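Okay, so here's the structure we're looking at.
One is the number of the first residue; the rest follow in order along the sequence. The structure displayed is predicted, hence computed values, not measured ones. Whatever order the structure lists them in is the order used to number ligands and atoms, beginning at 1.
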Amino acid sequence: MSYEKELAAAKKAASLAALLCQKVQKALLQSDIHSKSDKSPVTVADYGSQALVSLVLERELPSESFSLVAEEDSGDLRGNSGQETLQRIRTLVNDTLANNEYSSVSNLTTDDVLRAIDNGKSEGGSRGQHWVLDPIDGTKGFLRGDQYAIALALLDEGKVVLGVLACPNLPLTSISGENQQSSQDKLGCLFFATVGTGTYMQPLDGSSLLKVHVSTTENPEEASLFESFEAAHSLHDLSSTIAKKLGFKAPPVRIDSQAKYGALSRGDGAIYLRFPHKGYREKIWDHAAGCIVVTEAGGVVADAAGNPLDFSKGKYLDLETGIIVTNQKLMPLLLKAVKESLEERASSL
Ligand SMILES: Nc1ncnc2c1ncn2[C@@H]1O[C@H](COP(=O)(O)O)[C@@H](O)[C@H]1OP(=O)(O)O
Ligand SMILES: [Mg+2]
Ligand SMILES: [Mg+2]
Ligand SMILES: [Mg+2]
């Protein structure tokens, strides 16, 4: 089955959401940031991005069975304390639609916006098709002015068949360790993949198209390792132990969000390690798009036991803690180093 129509709609939706996020990031006001019940931050851009993607997908792909599993919900926007924020989101969404090809639908009420956000309440699963969305992945990076991604994927019978990653702050050229970033670098990448057709990258303005491949290196000494910027999101000391075992020379490249999967898909680095702290449960929207972008570029994504990720179980990924991403040649070596490091860690605790 081809997913051409779905891909075109997903690229439009993610690109439009990226425009909204870029506008907010440029003029970020303290009042736009709120704390969710789990204490993680959420901004008007997270909500606005979710509403836009939901609206564009529904409009481009009319279907009775539209299903979206997305990170945000409208709960905090419905009370009195949420009204001002809701108005800001409504204005942002309407302005973004009006300035693009959707001016005829840019008169949304606050109820329309709430409904669009809550469209993302599906639970996913192994039957039928479900869109999976992280409207801003890496909200902490977004707030710092660093990396973030709009991550959109499609599940069909429990498998990821399409993924789009919009990374507004990612340079179009490599971010590998030896490449010094310069303020001249053009920013804004859109990665996309459908099952069986490879991974492509283009500038967010759509001006050119490039097929990308993961690094083919077999030698960790010449590779870069990616991990979370936030130490609270991943155990930096554990990845450092693994890197030492493998003989890594370069320090890790720490960046936020699924931009890591995008950068890996074009060979900027060779390994991505993610070891959340005990008790954290991984959600499907944090990995679905990144996973197909890397695998279609020739890479492998596995949990700490070497099993592929299973996206068919609902909102959460049920896995052996840890996500490791690399090329086919390095995976056996990496899995061995991960296993040894986890055993050493367990015996020292
Ligand atoms: N305590 C946590 N541990 C691991 N990941 C977290 C934690 N809190 C939030 N996240 C999520 O981790 C991802 C960011 O990963 P990274 O560290 O690679 O940037 C985001 O999806 C972020 O959610 P969000 O989508 O709300 O930003
Ligand atoms: Mg969040
Ligand atoms: Mg996320
Ligand atoms: Mg998010």
### Task
Could you tell me whether Arg78 and Asp118 have a side-chain N and a carboxylate O separated by less than 4.0 Å?
yes
### Query
Quick check: does any side chain N or O of Asp137 sit under 3.5 Å from a backbone N or O of Gln258, one acting as donor and the other as acceptor?
yes
### Message
Taking side-chain hydrogen bond (donor to acceptor under 3.5 Å, both in side chains) as the criterion, tell me which of Asp112, Asp111, Asn107 meets it with Thr109.
### Response
Asp112
### Task
Using the rule that two of Ile, Leu, Val, Met, Phe, Trp, Tyr join whenever any of their side-chain heavy atoms come within less than 4.5 Å, decide whether Phe248 and Phe226 are in one cluster.
no
### Message
With a 4.0 Å cut-off on N to O distance, would you call Lys339 and Glu320 a salt bridge?
### Response
no
### Message
Looking at Lys283 and Glu71, is any side-chain nitrogen of the basic one under 4.0 Å from a carboxylate oxygen of the acidic one?
### Response
no
### Task
Mind listing the protein N/O/S atoms less than 2.8 Å away from the Mg ion (ligand 3)? Waters don't count.
Asp134 OD2, Asp137 OD1, Asp286 OD1
